[in-house]
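Inspection log for the structure reproduced underneath, given as structure tokens.
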Amino acid sequence: MAKEKKQKIRRPRAQTPRGFADFFGADVLARDAMLAKITEVYHRYGFAALESPLVETVEALGKFLPDVDRPNEGVFAWEDDGDWVALRYDLTAPLARVVAQHRNDLPSPYRRYAVGPVFRNEKPGPGRFRQFYQCDADTVGSASPAADAEICAMLCDALEAAGIARGDYVLRLNNRKVLDGMLESVGAHLVHRPGSGPSVSKALETASSTVDRDGILRTIDKFDKVGRDGVFELLTKGRLDASGAFVDGVGLDDKKANLVLDFLTARGSDNTQTLERLSSAVGRTSKGAEGVKELGQIAELLDSMGFGPDRIVIDPSIVRGLGYYTGPVYEAELTFEILDEQGRPRQFGSVAGGGRYDDLVKRFTGQDVPATGVSIGVDRLLAALKARQTNGVAASGPVVVTVMDRDRMPGYLAMASELRAAGIRAEVYLGNPRNFGNQLKYADRRSSPIAVIEGDAERAQGVVVLKDLALGAALAAEIESNADWKAHPAQTTVPRAALVSGVKQLLARER
């Protein structure tokens with residue numbers, strides 16, 4: 001009888017979905033520690049924590065409405081009992097839904113912070129994931145410039161608490177009304193479409209004008225990269241980029257292009273001078289004058305709190321959320337240099353941004369509800385702290401209690417329990433103890449600072465050996481002779497009763 005063919009077992013591939021990533025111990029600890037410092041600042045300012053579901057109705061999200069061909073464009077969406085639901089793509093749209101749903105129970109103004117993952121159904125790329133963390137703080141229900149000033153001050157305090165030194169960042173402040181005044185002065189009149197809101201991607205359109213409003217704003221956003229002359233070329237007839245390709249210009253005449261440049265270069269030596277120049281550049285329009293006035297009020301309030309131009313500057317070149325923000329906008333930029341993939345120095349750039357969005361809750365209630373808030377790019381800020389090595393989180397694993405005799409396991413477990421009771425992270429080696437070298441290799445892979453060793457000889461003497469793994473690794477690269485080893489011992493012997501105090505002493509020396 002012929003042998004039956006063995007059916008091939010199809011096993012699942014062990015890989016993350018495209019655009020997603022795994023994060024392990026040290027990275028997770030560093031992120032948690034950073035967020036704890038930031039949210040402590042938010043808490044100190046009187047903001048309350050909010051945790052909303054990962055899933056919202058597509059209708060509540062608003063920005064991404066399902067269509068026939070691709071109902072999940074932009075978000076991860078699916079149909080649930082006749083309704084479309086989706087993973088949240090930010091933390092602001094859920095806030096608007098929460099405020100509208102619970103408006104009778106929440107205090108007004110409502111001040112909240114939220115931290116958590118968000119999801120984007122977009123093409124992933126290097127450093128661009130489909131799931132990432134956001135950390136937001138918002139004040140809903142206050143139209144006062146003091147609410148905007150407080151958000152700006154709180155963001156500065158949060159960055160410093162996280163580990164960004166003063167002088168290594170600047171918060172740039174602008175106002176959409178000032179931008180609208182500039183656009184009006186060059187002929188790009190802005191009108192709202194009836195019934196639209198800031199969550200609709202085409203909330204604004206050019207009316208009775210052929211001036212390319214969006215093209216002007218995109219060009220403004222390039223000011224830091226191409227400079228005054230480059231912006232002038234892009235506003236008029238176009239220019240050759242670094243690769244030699246020709247980039248079409250917006251098509252403004254020289255007079256209108258210079259109006260835009262007067263606006264862009266209005267930043268002075270301090271905020272007072274910048275406000276004066278902005279008033280001259282856009283103050284002829286009612287929108288522009290209103291925006292300049294609001295910026296002046298915010299700057300005055302920030303000065304009263306001790307947040308001057310050393311940390312917060314008015315910068316007309318800041319363009320954010322073209323169809324979203326309705327007033328002040330702000331962006332936190334790190335000013336120190338890092339090396340890119342090719343080893344070239346560059347500034348790190350933006351790690352947080354926000355502004356006033358007074359129309360978002362109105363989608364649900366039909367009533368005007370002013371709001372302002374900020375969002376920190378958690379992954380970017382964490383990368384910046386890592387680049388500066390200022391996150392304050394040691395990539396240190398647990399103290400490892402080695403096992404010399406399996407029959408002595410109760411004693412080893414007791415050691416670990418004593419260390420944990422004293423607030424020290426500790427574990428007992430649970431692999432095969434026959435090869436002691438493998439235990440030390442395991443401790444190295446766990447980034448353990450100390451290994452505890454108790455063999456027959458130590459137990460008979462009532463002592464334990466504490467092997468300082470961190471010091472041993474450092475000395476291995478520096479020490480050349482046995483005499484040097486004796487002068488700088490990487491391990492010490494302490495009485496068994498002094499296990500906890502001995503470990504604490506070594507850990508304190510490492511810090």
Side-chain angles (χ1 to χ4, degrees), residues 145 148 151-152 171-193 196-198 200-209 211-226 228 231-232 234-235 250-252 255-268 271 274-299 312-333 350 353-360 370 372-374:
D148 302 290
I151 290 285
C152 292
L171 194 150
R172 304 187 188 279
L173 175 65
N174 197 9
N175 195 307
R176 279 307 315 274
K177 295 173 184 176
V178 174
L179 284 167
D180 291 349
M182 180 274 296
L183 292 167
E184 186 178 335
S185 69
V186 297
H189 304 287
L190 303 182
V191 296
H192 280 278
R193 290 180 176 174
S196 68
V200 180
S201 60
K202 294 183 179 178
L204 297 173
E205 63 180 0
T206 302
S208 65
S209 174
V211 173
D212 183 358
R213 172 187 59 86
D214 290 340
I216 294 173
L217 292 173
R218 285 194 300 269
T219 302
I220 288 174
D221 210 24
K222 297 175 182 176
F223 184 74
D224 287 341
K225 295 180 181 178
V226 301
R228 181 187 179 100
V231 167
F232 183 82
L234 289 171
L235 287 172
V250 175
L252 298 182
K255 181 179 179 182
K256 289 181 177 179
N258 281 317
L259 281 173
V260 177
L261 285 170
D262 287 344
F263 166 79
L264 271 178
T265 56
R267 183 176 165 189
N271 287 336
T274 302
L275 288 167
E276 291 173 354
R277 292 181 178 180
L278 279 177
S279 183
S280 175
V282 302
R284 298 181 300 274
T285 66
S286 59
K287 274 281 189 183
E290 186 180 351
V292 172
K293 180 181 178 182
E294 289 179 1
L295 286 175
Q297 291 172 326
I298 294 171
I312 301 175
V313 298
I314 296 172
D315 188 340
S317 68
I318 296 301
V319 178
R320 292 186 59 83
L322 303 181
Y324 188 85
Y325 293 114
T326 58
V329 291
Y330 24 86
E331 187 168 281
E333 177 183 321
S350 174
R356 178 163 287 279
Y357 53 99
D358 285 346
D359 295 336
L360 196 62
T372 186
V374 68

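All residue numbers refer to positions in the sequence shown, counting from 1. This structure is a prediction, so every number in the text was calculated from the model and none was measured. Keep in mind that the numbers below use all heavy atoms, side chains included, and drop hydrogens, waters and symmetry copies.
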**Request:** Find out whether Leu217 and Leu183 are in side-chain contact, i.e. whether some heavy atom of one side chain is under 4.5 Å from a heavy atom of the other.
**Result:** yes
**Request:** Determine whether Ile318 and Leu173 make a side-chain contact, defined as any pair of heavy atoms from C-beta on separated by less than 4.5 Å.
**Result:** no
**Request:** Could you pull out the closest heavy-atom pair between Ala299 and Ile314, with the gap in Å?
**Result:** CB-CD1, 4.3 Å
**Message:** Looking at every non-hydrogen atom in both residues, tell me the closest pair between Arg277 and Thr265 and how far apart they are.
**Reply:** NH1-O, 3.9 Å
**Prompt:** Is any side-chain heavy atom of Leu252 less than 4.5 Å from a side-chain heavy atom of Ile216?
**Reply:** yes
**Asked** Is any side-chain heavy atom of Phe232 less than 4.5 Å from a side-chain heavy atom of Val260?
**Response** no
**Prompt:** Going by an N to O cut-off under 4.0 Å, is there a salt bridge joining Glu184 and Lys287?
**Reply:** no
**Message:** Looking at every heavy atom in both Arg176 and Thr326, which two are closest together, and how far apart are they?
**Reply:** CB-C, 4.1 Å
**Asked** Taking all non-hydrogen atoms of both residues, which atom of Asn271 and which atom of Ile312 are closest, and how far apart?
**Response** ND2-O, 3.3 Å
**Prompt:** So do the side chains of Pro328 and Thr372 get within less than 4.5 Å of each other, counting heavy atoms only?
**Reply:** no
**Asked** What are the two closest non-hydrogen atoms of Leu171 and Cys152, and how far apart are they?
**Response** CD1-O, 3.7 Å
**Asked** Considering only heavy atoms from C-beta outward, does the side chain of Val250 approach that of Leu234 to under 4.5 Å?
**Response** no
**Fill in**
Heavy atoms of Asn174 and Pro316 approach each other most closely as ND2-O, 3.1 Å
**Asked** Under 3.5 Å, side chain of Ser185 to main-chain N/O of Met182, donor-acceptor pair present?
**Response** yes
